[in-house]
Participant: 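Take this structure, written in structure tokens, and hold onto it; I'll ask about it next.
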Amino acid sequence: MTGGVARILRAVRGDAASDRVVPPTGFTVRLTLFTAAAMAFLAVFALALSLAAGRLADRWGDELARGATLRISAPADQMDRQVGAALRVLETTPGVTDVRALSEAEQRELLAPWFGPDLPLDRLPIPQLIAFSETAEGYDPDGLRLRLQAEVPGAVLDDHRRWRRPLVAAATGLRILGWSALALIFGALAAMVTLAANAALAANAQVIAVLRLVGATDDYIAGAFVRRFTLRALCGAAAGAAIGLAAVALMPDTGDAAGVLTGIGFRGWHWLWPLAVPALAALTALLATRAAARRVLGSLA
Amino acid sequence: MTGGVARILRAVRGDAASDRVVPPTGFTVRLTLFTAAAMAFLAVFALALSLAAGRLADRWGDELARGATLRISAPADQMDRQVGAALRVLETTPGVTDVRALSEAEQRELLAPWFGPDLPLDRLPIPQLIAFSETAEGYDPDGLRLRLQAEVPGAVLDDHRRWRRPLVAAATGLRILGWSALALIFGALAAMVTLAANAALAANAQVIAVLRLVGATDDYIAGAFVRRFTLRALCGAAAGAAIGLAAVALMPDTGDAAGVLTGIGFRGWHWLWPLAVPALAALTALLATRAAARRVLGSLA
Amino acid sequence: MNRARGSGTTGPVAEWLASDPTTPPAPMDAAPVISFDNVAYSYGGGALLTDITLDLAPGSFHFLTGPSGAGKTTFLKLCYAALTPTAGDLRLFEQPVTGLDRDGVAHLRRRIGVVHQDCQFLDHLSVAENVALPLTVAGMDGAAARRDLDELLGWVGLGHRRDARPPELSGGERQRAALARAVIVSPDAILADEPTGNVDWDMSQRLLTLLLELNRMGRAVMIATHDLSLIRAAKSQVQARVLRIANRQVQVAGAEL
Amino acid sequence: MNRARGSGTTGPVAEWLASDPTTPPAPMDAAPVISFDNVAYSYGGGALLTDITLDLAPGSFHFLTGPSGAGKTTFLKLCYAALTPTAGDLRLFEQPVTGLDRDGVAHLRRRIGVVHQDCQFLDHLSVAENVALPLTVAGMDGAAARRDLDELLGWVGLGHRRDARPPELSGGERQRAALARAVIVSPDAILADEPTGNVDWDMSQRLLTLLLELNRMGRAVMIATHDLSLIRAAKSQVQARVLRIANRQVQVAGAEL
Ligand SMILES: Nc1ncnc2c1ncn2[C@@H]1O[C@H](COP(=O)(O)OP(=O)(O)OP(=O)(O)O)[C@@H](O)[C@H]1O
Ligand SMILES: Nc1ncnc2c1ncn2[C@@H]1O[C@H](COP(=O)(O)OP(=O)(O)OP(=O)(O)O)[C@@H](O)[C@H]1O
Ligand SMILES: [Mg+2]
Ligand SMILES: [Mg+2]
């Protein structure tokens with residue numbers, strides 16, 4: 001494998017003479033430049049989408065879905081006892097964590113939109129809310145319900161699962177979509193560079209024949225093509241990625257309110273990801289062109 | 001213009017002899033096929049995204065954002081009078097429509113998540129909610145507040161505008177993004193087909209020289225190339241669009257809950273849109289190849 | 001002459017090869033096929049050819065000689081409108097070349113058979129299809145044409161190679177195929193650039209015979225060559241004029257050849 | 001022979017052209033440059049060449065003749081490993097060609113100068129760069145090589161065209177450039193396929209002189225041609241053997257030539 005890497009490095013390092021000996025490959029190289037730019041642009045978007053979807057899936061999965069509430073309605077004299085019992089039950093339920101009875105201030109804040117800020121909570125038979133989180137393993141809601149029924153008759157478990165599943169599935173699906181779009185984009189880039197390199201090599205059959213006639217080795221001939229396509233893919237992809245990054249940065253960021261796509265963008269070290277796109281595009285072009293060159297040269301006398 | 005169309009039709013209709021006379025253009029035609037397929041696939045997705053974003057922007061603009069509420073907290077004996085006054089004020093405010101006091105059942109339903117279903121609404125000093133919609137022209141919230149302050153001292157106006165604007169802007173931005181992605185995709189297709197056709201023509205300089213030598217006209221030579229690239233673009237785009245449609249149809253549809261991307265898909269007659277993609281791709285290829293052929297042939301003796 | 005060529009005259013190879021050698025040549029006073037009037041040509045540097053004034057009559061037979069690089073190929077290219085004079089007046093079939101658009105040139109080429117010095121073919125078609133290409137392009141490939149094609153391929157010794165691809169031909173076979181392609185439509189003028197550079201003496205005599213027969217049917221023939229023995233052989237059979245390019249001028253060579 | 005060619009022997013055109021014509025030829029009993037042992041070749045149909053048994057000694061001079069399509073080009077292609085025999089044993093510089101990989105063939109080509117029948121060039125490079133291509137590929141293009149290049153271009157009459165692109169050359173100029181390219185590294189063997197098909201008599205004598213000088217320096221030379229006068233001219237100056245391809249056999253022609 002290291003031998004292969006050394007060969008690749010040697011191939012990329014370049015040789016001015018052999019670069020000059022292979023004619024400017026005009027349209028096919030321009031095509032590679034353009035394709036790499038377009039694909040890098042799309043790759044940056046797909047990357048941003050995947051990362052945003054990943055963040056969303058994490059958030060939905062972690063915060064929203066794992067937060068559940070228990071509502072206890074009871075006559076005022078039984079309230080404290082039932083709340084205490086419920087807290088005990090929850091704390092001993094596997095998969096349940098962060099159990100906490102909401103304070104009066106918190107309950108008031110939750111209700112303010114409906115009743116205004118000056119609701120006389122103490123004079124109302126308002127239920128007590130207990131918030132708790134779910135660990136990654138989750139808990140068994142049916143078992144919990146049964147235990148509560150026995151010990152805390154006034155408790156109603158509000159399990160967010162019923163609308164959690166499709167949401168998390170959607171976000172995960174989106175993330176998969178993003179990554180497969182990325183794979184597709186690089187596959188398309190490889191296919192296009194291969195075709196372009198093939199076209200360039202086929203168009204230069206006479207050049208190759210002349211070079212073979214005067215004693216040029218396959219590596220010498222292929223090297224010039226490989227370097228040229230790799231360099232163009234790198235440049236094109238760098239330009240495309242830069243434009244893509246600019247476009248992503250310019251997208252209006254409306255925060256969480258607006259859902260998935262408007263939350264697109266890179267956060268923190270995620271900004272490093274798009275920098276890998278040109279490198280990956282160049283590597284793709286290098287391997288694709290090498291394979292094409294090897295095949296075409298082998299088929300010529 | 002009709003002369004141009006007739007020429008184009010004549011060019012597409014084909015001529016077996018001239019098709020045979022131009023050699024199989026191998027990689028460049030395969031490149032066109034592949035590019036057209038990839039671009040059509042992306043175009044279908046961009047189309048679905050645009051249409052979904054359009055639907056979302058409409059919905060947010062119409063329903064959600066235009067719904068506002070008025071909350072009236074008052075002593076029980078003044079409640080009816082204040083509600084009546086508020087309704088009158090709202091009904092005479094320009095830009096306000098669909099004014100309606102929420103029924104007891106509706107209020108109960110809204111509060112059930114918090115207090116359980118058996119809340120004694122009649123025994124509680126619960127505020128009365130009045131829902132109303134906004135016409136397309138909108139209303140003046142400051143003016144309304146002033147009038148309410150004077151006539152209905154217990155009223156609080158809950159104006160959704162503060163979070164309506166960014167949402168609608170985001171959806172509209174998304175729609176614009178989708179359509180510009182479409183334009184970009186077709187631009188990229190045109191550029192790639194032009195480059196591929198140029199590469200094919202350049203690679204066939206000898207063929208063109210031979211054909212010119214034996215008396216072939218430019219139309220005869222160009223026709224074969226144009227037909228070939230147009231046909232390949234059509235086939236490729238049809239395949240790509242079909243795959244894209246299948247992918248869109250297979251995406252999990254989680255309804256409104258999940259925001260934008262998961263709501264992607266075509267509704268009703270919108271399914272006709274993606275059918276236009278292959279036709280447009282073929283037209284793009286036809287024009288691009290014709291331009292390229294004309295340029296290359298003109299530059300050869 | 002300006003005789004309209006209907007489909008009836010398409011590739012009548014059988015006719016030429018069987019034609020009575022005593023058929024009178026076309027009248028030499030008919031309108032010239034190609035007419036140079038004070039023509040000059042330059043590739044951009046100094047003038048390569050100057051002061052060419054010359055008429056090629058229908059039914060005439062010309063040789064074109066001169067050292068390598070003198071401008072023989074350039075002169076022929078002027079004759080089939082691949083190059084446009086940089087000065088002077090050049091008429092092909094009485095039409096000034098400067099007034100021709102690209103389609104005009106294309107249609108003119110159907111009346112002129114050309115053998116290029118570096119014979120080029122469509123490598124994806126068979127030899128027979130390549131030779132028949134002028135018929136295909138002009139939409140004249142009927143059954144009669146196909147019979148003529150077989151006969152012509154046989155004459156130039158390519159009958160057994162008719163289904164080969166051009167890259168599989170030997171150098172001399174390529175030249176013969178190029179000559180066959182140039183004469184398949186029995187064009188009014190035939191311009192051949194070193195058509196016998198790669199064939200042996202016997203074959204060059206065979207090719208010369210073919211051109212002589214066409215000439216006897218009234219076609220104008222011009223052969224650029226540096227093969228003096230070919231010129232001598234032709235002169236014994238036809239009244240050929242030898243043009244010599246020297247000092248940027250095209251001169252009629254004397255009897256010394 | 002198997003003499004290692006260091007950079008000191010790179011393109012010493014000055015040396016060849018100035019060399020004393022009395023330099024003794026390389027010993028004819030040295031190991032053969034090319035050695036055929038019962039070799040046969042077929043393009044897929046019937047055999048084109050059979051039973052070739054022949055040695056080309058260093059310093060030998062051969063002509064190869066035969067009618068068009070006999071297999072001259074095919075024979076030369078066997079000699080520089082562009083084709084592999086379908087039967088028999090062929091050795092180039094004592095290496096069996098069947099044992100050569102693609103890089104082996106590439107390195108072998110640096111010891112053999114080839115003039116193709118259809119001279120091909122790199123159209124984006126100048127004539128001088130094309131002629132120097134074997135030096136470039138072998139990484140030997142120093143200052144001395146460049147001086148030799150100028151001299152060689154002058155000898156073949158291309159000094160004034162050195163900066164032109166190959167498509168701008170005339171047919172004969174291309175052949176001369178191809179010959180110059182074939183001899184620039186002063187290779188051990190020179191194989192030329194119709195090198196004078198498109199040049200006039202004077203120039204063909206000049207090219208022959210160049211090949212004769214190289215031969216006198218010990219290089220093996222083989223020229224495929226149908227130009228009998230060229231063979232006659234050479235035979236008056238060197239002890240050349242004439243090979244004739246007939247009936248699928250390569251025979252040494254008698255004194256009748
Ligand atoms: N496209 C071109 N651009 C510039 N110079 C050219 C071009 N084509 C030919 N020449 C030059 O013009 C001169 C005449 O070329 P031409 O091909 O007419 O010669 P020729 O008489 O046919 O020679 P040959 O017998 O070698 O074929 C040559 O010196 C050649 O290099
Ligand atoms: N690649 C090929 N495939 C099949 N047949 C071929 C191929 N190359 C050459 N031939 C045939 O082999 C025969 C010999 O060809 P070759 O080129 O060796 O002849 P040549 O002696 O050089 O003739 P010339 O003097 O015309 O150049 C010819 O009939 C030719 O058609
Ligand atoms: Mg010439
Ligand atoms: Mg040959």
Participant: Please step through side chain to side chain contact (heavy atoms under 4.5 Å, CB included) for the pair D:His116 and A:Val210, ending with a clear verdict.
Facilitator: CA-CA 10 Å; D:His116 247 278; A:Val210 169; over 6 Å; no
Participant: What is the minimum heavy-atom distance between A:Ala209 and D:Gln120, and which atoms define it?
Facilitator: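 Looks like CB-OE1, 4.1 Å.
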Participant: Which bit of D:Phe121 comes within less than 4.5 Å of chain A, counting heavy atoms only: side chain, backbone, both or neither?
Facilitator: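 Looking at D:Phe121, just its backbone touches chain A.
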Participant: Using a cut-off of under 4.5 Å on heavy-atom pairs, state which of D:Leu83, D:Leu108, D:Leu122, D:Thr84 scores highest against chain A.
Facilitator: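 The residue among D:Leu83, D:Leu108, D:Leu122, D:Thr84 with the greatest pair count is D:Leu122.
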Participant: Tell me the closest heavy-atom pair linking A:Ala216 and D:Ala106, and the distance in Å.
Facilitator: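 Where A:Ala216 meets D:Ala106 most closely, the heavy atoms are O-CB, 3.6 Å.
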Participant: Please determine, among A:Val207, A:Leu213, A:Thr217, A:Asp218, the option with the most heavy-atom pairs under 4.5 Å with chain D.
Facilitator: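 Looking at each of A:Val207, A:Leu213, A:Thr217, A:Asp218 in turn, A:Leu213 comes out on top.
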